[in-house]
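Numbers here simply count residues along the sequence, with the first being 1.
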Amino acid sequence: HNAPTVYAQISVTQGFFPYQNFSKPAAGLNNAKIQSKAVTISAAFPLIFSEGRTVLINQVYYQRRDFSYKGFPVGGNPSINDIHDLNYTLTLQHGLSEKWALLAVVTPGLASDFEASLSADDFNFQAVTAFIRQFSPKFSFGFGAVYSTQFGKPIPLPVLAINWNNGKNLRWDTILPVSSELWYAPTPKLDLGLTLGLNGNNYHGDPTLYGVADPQLRYAVLTVGPSVSYKLFKLLSLKVDGGL
């Protein structure tokens with residue numbers, strides 16, 4: 001059998017969250033608003049072995065998130081201007097049998113404001129392991145666990161993986177609690193989706209800038225809304241997401 005053709009995948013994303021008031025403003029901050037913008041660049045390269053039975057995916061990811069402020073007292077703007085994520089992910093997909101497969105993901109990384117010299121607090125780690133059973137060509141279900149330091153204290157959490165398709169142009173891909181995507185393809189070039197996604201990190205800051213011994217910012221984004229993906233050319237697609 002000939003091995004399937006694989007391509008490196010490069011993705012550039014611009015995210016924008018408009019100015020928002022605090023849900024529970026402190027004294028003097030009733031009119032204070034914060035805006036967030038993020039630029040993300042990722043590159044992934046898959047390697048296929050054993051005629052497709054084993055797939056290794058190497059991915060490098062970088063994100064810079066910037067904050068802007070309105071309505072704060074004079075001289076009272078927070079010191080947080082930008083935060084950064086930089087990580088490497090190794091994903092292993094391996095067929096254990098005709099019905100069972102192993103999914104393993106390891107992600108070492110950095111989360112910091114990059115204002116001071118790096119320390120152990122700037123580094124983080126995440127690992128995911130799941131066993132997936134293929135019930136039919138249209139449905140698979142898996143279970144496993146994730147261990148992560150990206151959201152504060154490391155605790156193991158259960159993971160559920162669900163993949164379903166109608167054999168034609170409708171599919172549902174889910175890895176809870178991280179993401180869930182429902183896609184409909186009316187044409188070979190156009191995909192219409194409804195997506196839910198969770199991402200974030202525990203960022204370490206410069207003690208001299210924030211005036212505390214070990215400054216940390218836990219920042220998480222949970223988004224849900226419509227998504228449109230259109231294939232412009234054979235190797236280039238444009239994707240637009242919206243929602244809350």
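With hydrogens and angles ignored, the 3.5 Å screen pairs no side-chain donor or acceptor of Glu115 with any backbone N or O of Gly205. Arg65 places no side-chain N or O within 3.5 Å of a backbone atom of Ile83 that could act as its donor or acceptor partner. When atom types are taken as modelled, the side chain of Asn166 and the backbone of Lys168 share a donor-acceptor pair closer than 3.5 angstrom.
The closest side-chain heavy-atom distance from Ile175 to Val159 is below 4.5 Å. Side-chain contact check for Phe125 versus Gln150: every heavy-atom pair is 4.5 Å or farther apart. For the pair Phe233/Lys231, no side-chain contact is recorded, criterion being any heavy-atom separation below 4.5 Å from C-beta on. Side-chain contact between Trp172 and Ser180 is present, with heavy atoms from C-beta onward closer than 4.5 Å. Residues Phe49 and Val55 are not in side-chain contact: their nearest non-hydrogen atoms beyond the backbone lie 4.5 Å or more apart. Here the side chains of Leu160 and Thr174 are not in contact, with every heavy-atom distance at 4.5 Å or above. Residues Tyr69 and Ile80 meet the side-chain proximity criterion, which asks for heavy atoms closer than 4.5 Å. The closest side-chain heavy-atom distance from Thr89 to Val106 is not below 4.5 Å.
Relative ring orientation between Phe72 and Phe22 is described as perpendicular, the plane-to-plane angle rising above 60° on a 0-90° scale split at 30° and 60°.
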Exercise for the section: Go through the steps to decide whether Gln126 and Ser148 satisfy the test side chain to side chain donor-acceptor pair (under 3.5 Å), and finish with yes or no. Expected result: CA-CA 4 Å; Gln126 179 170 283; Ser148 177; 3.0 Å; yes
Query - Stepwise side chain to side chain contact (heavy atoms under 4.5 Å, CB included) test for Asn165 and Asn163 - result: CA-CA 7 Å; Asn165 69 84; Asn163 293 90; over 6 Å; no
Checking side chain to side chain contact (heavy atoms under 4.5 Å, CB included) for the pair Val128/Thr107: CA distance, chi angles, key distance, verdict? CA-CA 9 Å; Val128 180; Thr107 305; over 6 Å; no
key: Intermediate values then yes/no, side chain to side chain contact (heavy atoms under 4.5 Å, CB included), Phe17 and Thr223   = CA-CA 11 Å; Phe17 292 85; Thr223 56; 3.9 Å; yes
Handout entry: Gln59/Tyr61 under side chain to side chain donor-acceptor pair (under 3.5 Å): CA gap, chis, key distance, verdict
Key = CA-CA 6 Å; Gln59 182 184 42; Tyr61 172 98; over 6 Å; no
Using the rule given for side chain to side chain contact (heavy atoms under 4.5 Å, CB included), can you reason through Leu222 versus Leu196, listing the C-alpha separation, both sets of side-chain angles and the distance that settles it, and then say yes or no? CA-CA 7 Å; Leu222 176 65; Leu196 181 147; 4.1 Å; yes
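A distance of 8.5 Å separates OG in Ser42 from CD in Gln9, rounded to the nearest 0.5 Å. Note that CG of Asn201 and CG of Asn199 are 9.0 Å apart. Values are rounded to the nearest 0.5 Å. To the nearest 0.5 Å, the span separating NE2 on His84 from OH on Tyr203 amounts to 9.5 Å. Atoms OG and NZ, from Ser229 and Lys189 in turn, are 12.5 Å apart once rounded to the nearest 0.5 Å. Considering CD of Gln63 and CG of Asp82, their distance stands at 12.0 Å, rounded to 0.5 Å.
Under a hydrophobic clustering in which Ile, Leu, Val, Met, Phe, Trp and Tyr are joined whenever their side-chain heavy atoms come within less than 4.5 Å, directly or via other members, Tyr147 and Phe123 fall into different clusters. Hydrophobic cluster membership is shared by Leu56 and Phe45, with clusters built from Ile, Leu, Val, Met, Phe, Trp and Tyr side chains linked at under 4.5 angstrom. Ile41 and Tyr88 fall into different hydrophobic clusters, where Ile, Leu, Val, Met, Phe, Trp and Tyr are joined by side-chain heavy atoms under 4.5 Å apart, directly or via other members. Grouping the Ile, Leu, Val, Met, Phe, Trp and Tyr side chains by contacts below 4.5 angstrom, directly or via other members, places Ile34 with Tyr210. In the hydrophobic cluster analysis, where Ile, Leu, Val, Met, Phe, Trp and Tyr join through side-chain heavy atoms closer than 4.5 angstrom, Leu244 is grouped apart from Leu194.
Listed here is the closest heavy atom pair of Gly95 and Arg53: O-NE, 2.7 Å. For the pair Leu29 and Pro73, the tightest heavy-atom approach, listed with the atom from each and the gap, is CD2-CD, 3.7 Å. Closest of all the heavy-atom pairs between Ala213 and Pro207 is O-CG, 3.6 Å. Taking every heavy atom of both residues into account, Pro108 and Asn87 meet most closely at O-CB, 3.3 Å. Nearest heavy-atom pair across Gln134 and Ser140 is OE1-CB, 3.6 Å. Summarising the geometry of Pro46 relative to Tyr7, their closest heavy-atom pair is CD-O, 3.3 Å, with the distance given to 0.1 Å.
Judged by distance alone, the side chains of Gln216 and Asn202 do bring a donor and an acceptor atom under 3.5 Å apart. Residues Asp113 and His204 have side chains that never bring a donor and an acceptor to within less than 3.5 angstrom of each other. Side-chain contact, Asp191 with Tyr230: no donor N or O sits under 3.5 Å from an acceptor N or O. Under 3.5 Å, the side chains of Thr149 and Asn124 contain no donor-acceptor pair of N or O atoms. Residues Thr40 and Thr13 bring no donor and acceptor atom of their side chains to less than 3.5 Å of each other. Between Asp122 and Ser112, the side chains place a donor N or O and an acceptor N or O closer than 3.5 Å (distance only, hydrogens not considered). Between the side chains of Thr195 and Trp183, no donor N or O sits under 3.5 Å from an acceptor N or O.
Counting non-hydrogen atoms of other residues, nucleotides and ligands closer than 6.0 Å to CD of Glu98 gives a total of 12 or fewer. Within a 6.0 Å radius of CZ in Phe131, other residues, nucleotides and ligands contribute 12 heavy atoms or fewer. Crowding of Asn58 atom CG: a count of heavy atoms from other residues, nucleotides or ligands under 6.0 Å exceeding 12.
Remark: Lys70 is positioned above the aromatic ring of Tyr19, its terminal NZ or CZ atom under 6.0 angstrom from the ring centre and at most 45 degrees off the axis. Cation-pi geometry between Arg133 and Phe135 is met: the NZ or CZ atom falls under 6.0 Å from the ring centre, inside 45° of the normal.
Ring centroid separation for the pair Tyr219 and Phe67 comes in under the 6.0 Å cut-off.
Tested against Gln93, the residues Thr54, Ile48, Ile57, Leu102 include a single side-chain contact (heavy atoms from CB on, under 4.5 Å) partner, Ile57.
Ion pairing between Asp66 and Lys37 fails under the 4.0 Å rule for side-chain N and carboxylate O.
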